[in-house]
J.: 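Here it is, the structure in full.
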2 protein chains.
Amino acid sequence: MARLAARGHNQRVGIQRVADEASVSIATVSRVVSGRGPVNEATRLRVQRVADRLRYRPNASAQSLRTSKTMIMGVLIPDLANPVFVPFLRGVQQVAQAEGYSVLVVDAQRSDEVERRALDRLTEQQVDALVLAGSARDPGHIDELRRAGMAVIDGRDRATPSRSLVPALERPGSIAMCDALAALGHRNIGFVSRSTLADAGRRRWEAIRQRCRQLDLVTERITVNPEAGADSVGAGLDAFVRRGVDPVTALVCSTHGLAPALLGAMGAAGIRIPDGCSFVTYGDSDWALAYRPAISVVTMDLFGVASTMTHRLIAELRGEPPGPGRDPAPARFIRRDSVSDAPG
Amino acid sequence: MARLAARGHNQRVGIQRVADEASVSIATVSRVVSGRGPVNEATRLRVQRVADRLRYRPNASAQSLRTSKTMIMGVLIPDLANPVFVPFLRGVQQVAQAEGYSVLVVDAQRSDEVERRALDRLTEQQVDALVLAGSARDPGHIDELRRAGMAVIDGRDRATPSRSLVPALERPGSIAMCDALAALGHRNIGFVSRSTLADAGRRRWEAIRQRCRQLDLVTERITVNPEAGADSVGAGLDAFVRRGVDPVTALVCSTHGLAPALLGAMGAAGIRIPDGCSFVTYGDSDWALAYRPAISVVTMDLFGVASTMTHRLIAELRGEPPGPGRDPAPARFIRRDSVSDAPG
DNA sequence: TTGTAGGCGTTATCAA
DNA sequence: TTGATAACGCCTACAA
């Protein structure tokens, strides 16, 4: 069923071969395929046909070596196991691909050592640009790359370099959530997370605490260890939700990945949502929606954020102005059945 | 806080620079940093020190051009939006990174055109190898790459080229599920999917149908359109589950991504799980476990599969024997609360 | 409009 | 054990 292998020659066809078969110099072939420089229309057609017939593909290594542009962008992902980075990766991927860039994905695996090695490889590969999906573990390393001339976007808005783009976008969502909870009469809010708080978690906790202070709400940080099992986690939560004085009436889950474990634990502890306690998590998914009761969320369009960032990055690479693309939409609080009036 | 930029020179440091500062020829530097060829121990140390001081990183483009090895492997993902590919990607990524390979991720976005262009870019980049996370949309294109000398692994076990690795591993899980359902007295099983069945779905449906025929069970294919909304889908399901004669007593969801929509629809239609109908889905997640009732699943370690595949691929690239790594574990059926005795 | 030729940073061959 | 040097495939002044 497969056509015969072309001519038996298994050699990669290079520019020279095309030049020979089209009876022109390699310079002309180069002009044709790269679209740069003047070429007679007739020759262009002839060369193009030959190139197509031979399935000629310019060797990217040679191009890079000559032009010192690889048309590759690296994406540093702090932890691929964390599903929040997937829409982000998709956004980068999609835009980059459409604009002719390839994407070298690097998973830092939550490890300094892995990150370091990966970044080194990226510089060896001479990637034209680097997109940071989250904070790098070693900001110094990133600065160094920047100084070496690499274009880097890390979610920090260049217009206001002191503030991160993602955090800035997420904050309104946190605030909206606090406001909604307050309006429903909640006075005691628990922020549930693992004992070590990642960058994103810290920002969220900070935003919530600040807003709640303004609203005169009490916030408490509750740490859990999902590995310890549902019963253990459930007991931990129970201590806050069912205590005699000023019990926590709303639980905010620090990250989407943690939510199922918390829900399982609450089930095990017999804490009913939302009667026993309201529940909100960061990050949305079909499962959060399908869950009974449906889970309220603070969510943001990471795909859109990544697209915007990547567009800007490419514009920068091309020396163009940032373009008319406006900032992506900020995060929102979506209230579903898991949030209701505070008891009492 | 940052150290001063080194010497003001912003030039990328090349092998020549190192050679100069170490007072040797570039040939010697090359020998030292690549570790190939004889070098006097004293010179090696001296050169190494200079290289480190200058933070010399060999230019990968030049290396590739010379050696025609890029140390990059491509991964073709049919659709990054589908979360099942994430653990797979992680598996590839992790092994590749550890073995010194970079990973160029390509998302076909369910589009022939996008896939075609992406594969072309991969050949331009001269990737050393290609990992297929699923079936390519255009197998001919892949064959062509193979003929052009690219190492490709596509889940087809080289030992038995006629059978795919992933399907072969998944089949036992499907069989175990059918057996379990039969043992619980189910006689009528519905396989729920979108109207168009992807490759994986087709294999699953085939495996189920075949096993059920052996077990003397009736199977029906139920197609739904989640975009139509929960009520519509719910009504569609209801027609099978609540009909007078030989109602379907167990629903098997064709893919993990579809499960939340189905669960939502069943809720909307008032179909209780498992009393009204048992429920199983392909693919596992924390949410499936946290859902009430906990969802039974047929699941497989895609991360492990990808790791194994990548290890083999790298061994092949190095001309080594496949290595002692044994096949990854086959899929299993995990029974949870969503499956119970058939009514009646 | 086309061709010639130099060079991008490495590796590898061959002499010294 | 080292150094000079020819490729690798392509782009791009510059010359014709």
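So that the names make sense, note that chain A is the first sequence line, chain B the second, and so on, each numbered from 1. The figures here come from the full heavy-atom set of this structure, side chains too, leaving out hydrogens, waters and symmetry mates.
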J.: Hey, is A:Lys69 close enough to A:Asp128 for a salt bridge, meaning N to O under 4.0 Å?
T.: no

J.: Roughly how many Å is it from CD in B:Gln16 to P in C:dC8, rounded to a whole number?
T.: 10 Å

J.: Whole Å only: how far is the CG atom of A:Asn59 from the C1' atom of D:dG9?
T.: 6 Å

J.: Once hydrogens and angles are ignored, does a donor-acceptor distance under 3.5 Å link the base of D:dG9 to the side chain of A:Arg12?
T.: no

J.: I'd like to know if the side chain of A:Arg12 reaches the main chain of B:Ala148, judged simply by a donor and an acceptor atom lying under 3.5 Å from each other, with no hydrogens or angles considered.
T.: yes

J.: Mapping B:Thr67 and B:Pro38 to their closest nucleotides on DNA chain D, which lands nearer the 5' end?
T.: B:Pro38

J.: Using only heavy-atom distances, decide whether a donor-acceptor pair under 3.5 angstrom links the side-chain of B:Arg17 to the base of C:dG9.
T.: no

J.: Ignoring backbone atoms, establish whether B:Arg36 has a side-chain N or O less than 4.0 Å from OP1 or OP2 of C:dA12.
T.: yes

J.: For B:Thr28, answer base if it contacts any base atom (sugar-phosphate contacts may also be present), sugar-phosphate if it contacts only those atoms, and nothing otherwise; contact means non-hydrogen atoms under 4.0 Å.
T.: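 Answer is sugar-phosphate: B:Thr28 comes under 4.0 Å of backbone atoms only.
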
J.: Could you tell me how far apart A:Arg46 (CZ) and C:dT2 (C1') are, to the nearest whole angstrom?
T.: 11 Å

J.: Please confirm whether the backbone N or O of A:Pro38 pairs with a side-chain atom of A:Arg31, one donor and one acceptor, at under 3.5 Å?
T.: no

J.: Remember a base hit wins even if backbone is also touched, and classify A:Pro58 as base, sugar-phosphate or nothing at under 4.0 Å, heavy atoms.
T.: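 Sugar-phosphate, backbone atoms only, no base.
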
J.: Is the shortest side-chain N to carboxylate O distance from A:Asp143 to A:Arg147 below 4.0 Å?
T.: no

J.: Between B:Thr43 and D:dT2, does any side-chain N or O lie under 4.0 Å from OP1 or OP2?
T.: yes

J.: Among the candidates D:dA4, C:dG3, D:dC10, find the nucleotide nearest to the side-chain atoms of B:Ser25.
T.: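 Among D:dA4, C:dG3, D:dC10, the one nearest the side chain of B:Ser25 is D:dA4.
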
J.: Quick one: do B:Glu316 and B:Arg312 make a salt bridge, cutoff under 4.0 Å?
T.: no

J.: Would you mind classifying the nucleic acid contact of A:Leu65 as base, sugar-phosphate or nothing, using non-hydrogen atoms under 4.0 angstrom?
T.: base

J.: Please report the distance, rounded to the nearest Å, between NZ in A:Lys69 and C1' in C:dC8.
T.: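 To the nearest whole Å, that distance equals 14 Å.
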
J.: Whole-Å distance between D:dT2 P and B:Glu41 CD?
T.: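 Those two atoms, CD and P, are 10 Å apart.
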
J.: What integer distance in Å separates B:Glu124:CD from D:dG9:P?
T.: 16 Å

J.: Quickly work out the B:Arg31 CZ to C:dT13 P distance and round it to whole Å.
T.: 11 Å

J.: Using atom CD of A:Gln63 as one end and atom P of D:dG9 as the other, report the distance to the nearest whole Å.
T.: 13 Å

